[in-house]
Amino acid sequence: MINFSVGPVHLTKEVMEAYGDIPYFRTNEFSDIMLENEKLVKELTNASGDDRVIFLTGSGTAGMESSVINTLTSEDKILIINGGSFGTRFAEICSLKKLNYEEVIIGFEEILTLEKLEKYSNRNFTVLVVNLDETSIGKLYDIELISKFCRENNLFLIVDAISAFLADEIDVIKHGIDVLIIGSQKALACPPGVAIIVLSKRAIDRIKNINHDILYFDFKKALKDGERGQTPFTPAVGILLQLNARLKQISSTGGVEAERKKIEKLANDFREKVKELPLTIPKYKLSNTVTPLLTNNCSAKDIFNILKDEYKIWVCPNGGELGEKLFRVGHIGNLSIEKNNELIRALYELKERNILK
């Protein structure tokens, strides 16, 4: 099976072998690994010395919800960039927590522009929340634009980079990011189960001054235990060992820039080769992570199922109103130009069979 989904993705041999037997974790040895994980994540995100990293056992959504719970209050006025399923998820979280928020709705063909953001200037907003890559449609927002807007309006910036990290440019210091959320199963190419949250000094100060009735998601406890390389509760030990192997692998092979260029090369290669097929790539700015493909006269779900069942190739289907119209091809994980070619050959066969038309 070739996996072109956007998570979980193909793992490298080194990452798979790092799992091994699961050791007891309340030890100095495991603490040293966790402290190294924090150091490496800070290096790869260009976080400052005062910034901290939390490793939370849970999905990316756990990282999203826990970040909102621990850093925001009813006194905040929150601006959410909502251009798809994951922007909607942030809105759902804020609604459930009864927080004060407004949404900047970005239509499928629309782009987030300065004009759209300027409507919210000088309106007492305190926080901006964005999924940098709206993974449901592969749309990448302009982090430079967002960063500049937040600095000018003194906004606390929460960035979900779960699918954008390592594939697109992200720099905690340069972009003034207060909370950066990452998932283990995307370009980090580890199994799902760990949400990684990078916290600025400003975020840490907020956490210390907010009192919530939280147990499992309590960042205060996580920060305190993290000082000695531990977690308040049993972590996903095996995945954290794999994460350690993967972080060291990235650092030893050119770092973030080399990883980003590799993913960008795979994305550009696929996008060039798919041009002659009866598929349409949307014209908005795309993340290197994934290519969204609009079908013209056939069902996207049928294409997904035929590729899976007959060709042993996984792509990403879509839900909702785009379910029959759009599927996505990921470029993260242990992929290659050769695997791109296999998918392209399969798509051309579907065209010859008059399935893709």
Side-chain angles (χ1 to χ4, degrees), residues 1-10 60 83-89 106-110 131-141 162-164 167-168 183 185-187 189 192 263-357:
M1 183 69 77
I2 302 176
N3 184 2
F4 284 96
S5 77
V6 287
V9 299
H10 281 305
S85 300
F86 294 98
T88 298
R89 189 165 300 176
I106 309 295
F108 179 74
E109 296 287 352
E110 289 185 313
N131 307 85
L132 190 57
D133 166 19
E134 178 45 74
T135 323
S136 64
I137 55 172
K139 182 181 290 185
L140 183 69
Y141 299 121
I162 291 168
S163 62
D168 304 299
Q185 78 277 20
K186 302 289 187 179
I263 295 168
E264 182 180 40
K265 181 180 178 181
L266 288 173
N268 289 340
D269 173 78
F270 177 80
R271 290 166 189 170
E272 186 63 32
K273 289 171 179 173
V274 83
K275 280 182 178 179
E276 301 304 317
L277 287 163
L279 294 164
T280 302
I281 299 175
K283 297 190 183 303
Y284 49 73
K285 184 173 177 57
L286 301 176
S287 167
N288 291 320
T289 300
V290 61
T291 299
L293 294 167
L294 289 161
T295 56
N296 300 319
N297 299 299
C298 59
S299 163
K301 284 184 180 177
D302 287 348
I303 300 300
F304 164 76
N305 284 315
I306 293 169
L307 287 172
K308 174 176 65 72
D309 297 336
E310 297 184 26
Y311 293 88
K312 307 304 178 189
I313 294 174
W314 282 326
V315 293
C316 271
N318 264 59
E321 62 183 33
L322 290 173
E324 293 290 342
K325 303 174 184 176
L326 185 143
F327 67 93
R328 295 162 292 154
V329 174
H331 310 295
I332 53 177
N334 191 22
L335 293 173
S336 63
I337 299 294
E338 291 71 28
K339 288 175 181 174
N340 274 0
N341 291 339
E342 290 194 46
L343 175 55
I344 292 294
R345 279 194 294 271
L347 290 171
Y348 268 96
E349 280 192 25
L350 295 187
K351 180 185 176 185
E352 291 169 7
R353 293 166 59 186
N354 205 33
I355 295 171
L356 182 60
K357 53 189 176 180

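Here the structure is a predicted model, which means the values were calculated and not measured.
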Chi angles and distances behind the side-chain contact (heavy atoms from CB on, under 4.5 Å) call for I162, T135: CA-CA 9 Å; I162 291 168; T135 323; over 6 Å; no
d(S85 OG, N131 CG) to nearest 0.5 Å is 9.5 Å
Out of curiosity, K139 NZ to F86 CZ, how far, rounded to the nearest 0.5 Å? 14.5 Å
So, taking the atom named OG in S287 and the one named CD1 in I137, what distance separates them when rounded to the nearest 0.5 Å? 11.5 Å
Under the criterion side-chain contact (heavy atoms from CB on, under 4.5 Å), I'd like the reasoning laid out for L294 against L279: C-alpha separation, chi angles, the key distance, then a yes or no. CA-CA 6 Å; L294 289 161; L279 294 164; over 6 Å; no
Closest non-hydrogen atoms of M1 and I313, given as atom of the first, atom of the second and distance, are SD-N, 3.6 Å
Counterpart residues, side chain to side chain contact (heavy atoms under 4.5 Å, CB included), relative to P278 (two or more places apart): N296, K351, L356
Between K275 and R271 the two heavy atoms that sit nearest each other are CG-O, 3.3 Å
I263 and side-chain contact (heavy atoms from CB on, under 4.5 Å): which single residue from N288, D168, N268 fits? N288
Pairwise side-chain contact, R345 with Y311, heavy-atom cut-off 4.5 Å (strictly under): no
Do S163 and T289 have side chains that approach each other closer than 4.5 Å (heavy atoms only, starting at C-beta)? yes
OG (S5) and NZ (K186) are apart, to the nearest 0.5 Å, by 7.5 Å
In chain order, what residues pass the salt bridge (Lys or Arg N to Asp or Glu O under 4.0 Å) check against E310, with sequence neighbours excluded? R353
Check whether any side-chain heavy atom of L266 lies under 4.5 Å from a side-chain heavy atom of K339, and answer yes or no. no
How about E342 and I2: do any of their side-chain heavy atoms sit closer than 4.5 Å? yes
Out of curiosity, I337 CD1 to K265 NZ, how far, rounded to the nearest 0.5 Å? 5.5 Å
Run L286 and I281 through side-chain contact (heavy atoms from CB on, under 4.5 Å) and show every step you take. CA-CA 9 Å; L286 301 176; I281 299 175; 3.5 Å; yes
Is a side-chain N or O of K301 found less than 3.5 angstrom from the main chain of P317, in a donor-acceptor match? no
When rounded to the nearest 0.5 angstrom, what distance separates CG in L326 from OG1 in T280? 10.0 Å
Classify the ring geometry of F270 against H331: parallel below 30°, tilted from 30° to 60°, perpendicular beyond 60°. tilted
Taking K285 for the side chain and Y141 for the main chain, is one N or O donor matched with an acceptor at less than 3.5 Å? no
I need the minimum non-hydrogen distance between A300 and G323, along with the two atoms involved. CB-O, 3.7 Å
Student check: side-chain heavy atoms of Y284 and I106 closer than 4.5 Å: no
Under a 4.5 Å cut-off applied to non-hydrogen side-chain atoms, are N340 and L335 in contact? no
Are side-chain heavy atoms of V315 and L293 found at a separation under 4.5 Å? no
When you measure from the side chain of N318 to the backbone N and O of S136, does any donor-acceptor pair fall under 3.5 Å? yes
Less than 4.5 Å apart, any side-chain heavy atom of L343 and any of L307? yes
For P292 and V290, which heavy atoms make the closest approach, and how far apart are they? CD-O, 3.7 Å
Contacts of type side chain to side chain contact (heavy atoms under 4.5 Å, CB included), residue N334, not counting sequence neighbours: H10, T12
